[in-house]
Protein chains: 2
Amino acid sequence: MTLQSDLSRDGEAGETDDRVSLAVSTVIFALRPHPATGSPTIWLPLVRRIREPFEGRWALPGGPLEPHEDLASSARHTLERTTGLTPNHLEQLYAFGRVDRSPDRVVSIVYWALVRAEEDAQVVPIPNVEWFVADEVAGLAFDHDDIVEYALTRLRAKITYSPIAYGFLPDEFTLAQLREVYEAVLGRPLDPANFRRQMRGRLQATGRCLEGLSHRPPALYRHDPTSSRTTLTFERESR
Amino acid sequence: MTLQSDLSRDGEAGETDDRVSLAVSTVIFALRPHPATGSPTIWLPLVRRIREPFEGRWALPGGPLEPHEDLASSARHTLERTTGLTPNHLEQLYAFGRVDRSPDRVVSIVYWALVRAEEDAQVVPIPNVEWFVADEVAGLAFDHDDIVEYALTRLRAKITYSPIAYGFLPDEFTLAQLREVYEAVLGRPLDPANFRRQMRGRLQATGRCLEGLSHRPPALYRHDPTSSRTTLTFERESR
DNA sequence: CGACTTAGTGTTGCCCTGACCCTAAGTAGG
DNA sequence: CCTACTTAGGGTCAGGGCAACACTAAGTCG
């Protein structure tokens with residue numbers, strides 16, 4: 001093989017069959033009450049492996065990439081098989097390809113998705129699928145522990161500079177609901193007054209209120225997609 | 001195939017040979033003077049394709065992933081073949097997998113790299129490899145136009161919140177050199193006084209100066225890896 | 001009708017930034 | 001030697017944004 005042909009062979013196949021195979025997996029996040037404290041927490045569904053390697057262990061839902069399918073379509077498809085839901089947000093996370101991450105050579109392109117709490121209630125139980133508190137999973141198959149941790153890191157970082165929190169919420173929501181999302185993801189309480197100020201300008205007031213509660217009815221808002229998406233700080237004074 | 005086995009088949013091979021194949025490509029950035037203005041600008045090397053598809057067109061350097069090779073190793077390897085250089089920064093960019101991005105089904109995992117100007121001078125000419133101004137490339141093979149644009153977007157965004165500018169520089173550098181990097185990447189001039197203030201705290205003074213110039217000798221600094229990496233703003237007042 | 005609860009506003013002080021002016025420290029040339 | 005020039009680097013000031021926290025608004029429940 002000449003030097004030139006070695007430099008750009010993108011698109012060339014025809015190797016032997018010990019080629020690398022390609023899978024797409026998805027980290028699916030939803031907010032549900034924590035079993036102990038009851039406060040909103042990040043959950044995700046896992047699938048029990050029914051054959052080697054790692055038979056019996058929990059793993060991220062996924063499967064091999066079909067030749068006719070785009071990467072994101074494959075992820076969406078996986079999500080539907082696993083939860084019956086449509087993602088409110090779907091984004092590529094990272095490609096994991098360490099040689100020793102699986103006995104056979106597999107590169108996994110991992111997506112992460114957010115599903116809203118309202119749809120979450122409609123999830124039908126599916127055999128071999130179970131939901132877990134994201135921060136508490138361990139002992140997963142392959143390198144999936146690392147992948148979940150990386151996905152959580154990305155979610156926590158991205159929520160401070162990108163309007164992804166709405167991925168957990170219905171179209172219309174109260175400021176308290178939105179704040180609950182941020183508090184669940186960041187894992188600490190936020191000042192309601194300052195939170196409101198930071199969100200104003202990114203939200204459209206619907207004019208409606210949520211009624212039927214035993215206190216002052218909160219206004220309903222909608223995400224304003226035209227808003228400037230400058231970064232949020234939420235720093236805590238530490239002196 | 002049962003439902004269960006469909007849910008998590010990560011690691012299973014044994015499909016027919018119309019499987020998807022996997023390539024790793026690398027966007028390699030270096031700073032060189034712009035041919036017209038002379039001011040520092042982002043360049044990248046491309047490789048001329050010597051066979052179909054897209055024969056004769058320029059493409060990102062890369063090649064199929066070897067089964068024994070990690071993803072980043074493959075990217076580093078490509079970089080060495082193409083430039084003879086070692087990257088000062090190497091990072092995964094994105095996995096591009098649109099079904100129609102190539103006549104045969106290829107998913108490309110793309111990395112991007114920074115090389116320092118000092119090493120850049122040692123680049124030996126390699127047949128079929130040519131360097132271009134990154135903002136001016138067009139008409140590349142496959143979807144590589146999109147990939148280059150995406151890589152530039154990432155570089156410009158990331159330089160404001162992550163210490164990657166040092167990837168273009170030697171270990172010790174002056175503030176003017178560092179500012180030149182930011183100006184080249186962001187494409188606009190920065191106030192030297194305010195730039196200095198923002199960088200102070202992220203830099204270690206070496207005590208040495210750069211001498212032999214016909215004006216006041218600038219101090220040499222080194223990147224302080226322990227510095228807090230809060231985001232930089234560089235906003236322009238617009239009133 | 002008053003206690004309670006949650007929604008939402010005002011105020012204040014601090015820090016950071018952008019704009020801009022000023023001083024420092026070299027070289028070059030008369 | 002002394003002055004002009006160039007680039008390095010520091011100082012100052014006004015405005016904005018944010019964290020902290022006190023405050024008002026608007027409902028329900030007894």
Side-chain angles (χ1 to χ4, degrees), chain A residues 38-40 159-161 169 172-183 186-222 224 227-239, chain B residues 38-40 159-161 169 172-183 186-222 224 227-239:
Chain A
S39 53
I159 204 172
T160 65
Y161 65 88
L169 293 172
E172 299 190 358
F173 47 84
T174 69
L175 272 166
Q177 289 171 327
L178 183 61
R179 184 163 46 82
E180 266 193 334
V181 171
Y182 278 87
E183 290 180 340
L186 298 176
R188 60 185 158 89
L190 299 173
D191 183 302
N194 297 330
F195 181 82
R196 152 179 303 277
R197 232 194 318 274
Q198 293 217 39
M199 286 304 155
R200 187 160 32 192
R202 300 160 211 262
L203 298 178
Q204 296 168 338
T206 64
R208 276 185 297 282
C209 285
L210 193 62
E211 303 188 22
L213 297 149
S214 62
H215 50 74
R216 175 173 172 177
L220 286 168
Y221 296 88
R222 186 181 292 120
D224 180 0
S227 69
S228 66
R229 54 191 69 170
T230 51
T231 182
L232 301 166
T233 57
F234 300 138
E235 288 298 320
R236 204 195 282 267
E237 297 281 318
S238 52
R239 277 167 292 173
Chain B
S39 54
I159 204 172
T160 65
Y161 65 87
L169 293 173
E172 298 190 358
F173 48 83
T174 69
L175 271 167
Q177 289 171 327
L178 183 60
R179 183 163 47 80
E180 266 192 335
V181 171
Y182 278 87
E183 290 180 340
L186 298 175
R188 62 186 158 86
L190 300 173
D191 183 300
N194 296 331
F195 182 81
R196 154 179 301 277
R197 234 200 322 272
Q198 293 218 37
M199 287 303 155
R200 186 162 30 191
R202 302 160 210 262
L203 298 179
Q204 296 169 339
T206 64
R208 275 185 297 283
C209 285
L210 193 62
E211 301 187 22
L213 297 150
S214 62
H215 50 74
R216 173 174 174 177
L220 285 169
Y221 296 88
R222 185 182 293 118
D224 180 0
S227 69
S228 65
R229 53 192 67 171
T230 52
T231 183
L232 301 165
T233 58
F234 300 137
E235 288 299 317
R236 205 196 280 267
E237 296 281 317
S238 51
R239 279 169 290 177

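Chain letters run A, B, ... following the sequence lines, proteins first and then strands; every chain starts at 1.
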When rounded to whole Å, the CZ to P distance for the pair A/F195 and D/dA19 reads 12 Å

Phosphate OP1/OP2 of C/dA7: any A/R196 side-chain N/O under 4.0 Å = no

Atom CG of B/N194 and atom C1' of C/dC21 are separated, to the nearest Å, by 12 Å

Notebook entry, point to check: So, do A/Y221 and A/L175 sit near enough that their side-chain heavy atoms are less than 4.5 Å apart?
Noted result: yes

B/R179 has its side chain closest, among D/dA8, D/dG9, C/dA7, to D/dA8

Exercise for the section: Answer with base, sugar-phosphate or nothing: what part of the nucleic acid does B/A193 contact at a heavy-atom distance below 4.0 Å? Expected result: base

Rounded to whole Å, CG of B/L190 lies from C1' of C/dG18 at a distance of 12 Å

Taken to the nearest whole Å, CG/B/L210 to C1'/C/dT27 is 15 Å

Heavy-atom nearest nucleotide on DNA chain C taken for A/P218 and for A/R197; more 5' hit belongs to A/P218

Whole-Å distance, B/R200 CZ to C/dT17 P, equals 12 Å

### Message
When you measure only distances, ignoring hydrogens and angles, does the side chain of A/R216 come within 3.5 Å of the base of C/dA7 through a donor and an acceptor?
### Response
yes

Taking 4.0 angstrom as the limit, do B/E172 and B/R208 come out as a salt bridge?
yes

In whole angstroms, the gap separating P of D/dG17 from CZ of A/R202 amounts to 11 Å

dist B/R202:CZ -> B/L178:CG (nearest 0.5 Å) comes out at 10.5 Å

Here the distance between atom C1' of D/dC18 and atom CE of A/M199, to the nearest Å, is 14 Å

Taking the six-membered ring for Trp, are the ring centroids of A/Y182 and A/F195 within less than 6.0 Å of each other? yes

Considering only heavy side-chain atoms of A/Q198, the closest of D/dC18, D/dG10, D/dA8 is D/dC18

Taken to the nearest whole Å, CG/A/L175 to C1'/C/dT9 is 13 Å

So do the side chains of A/Q177 and A/L169 get within less than 4.5 Å of each other, counting heavy atoms only? yes

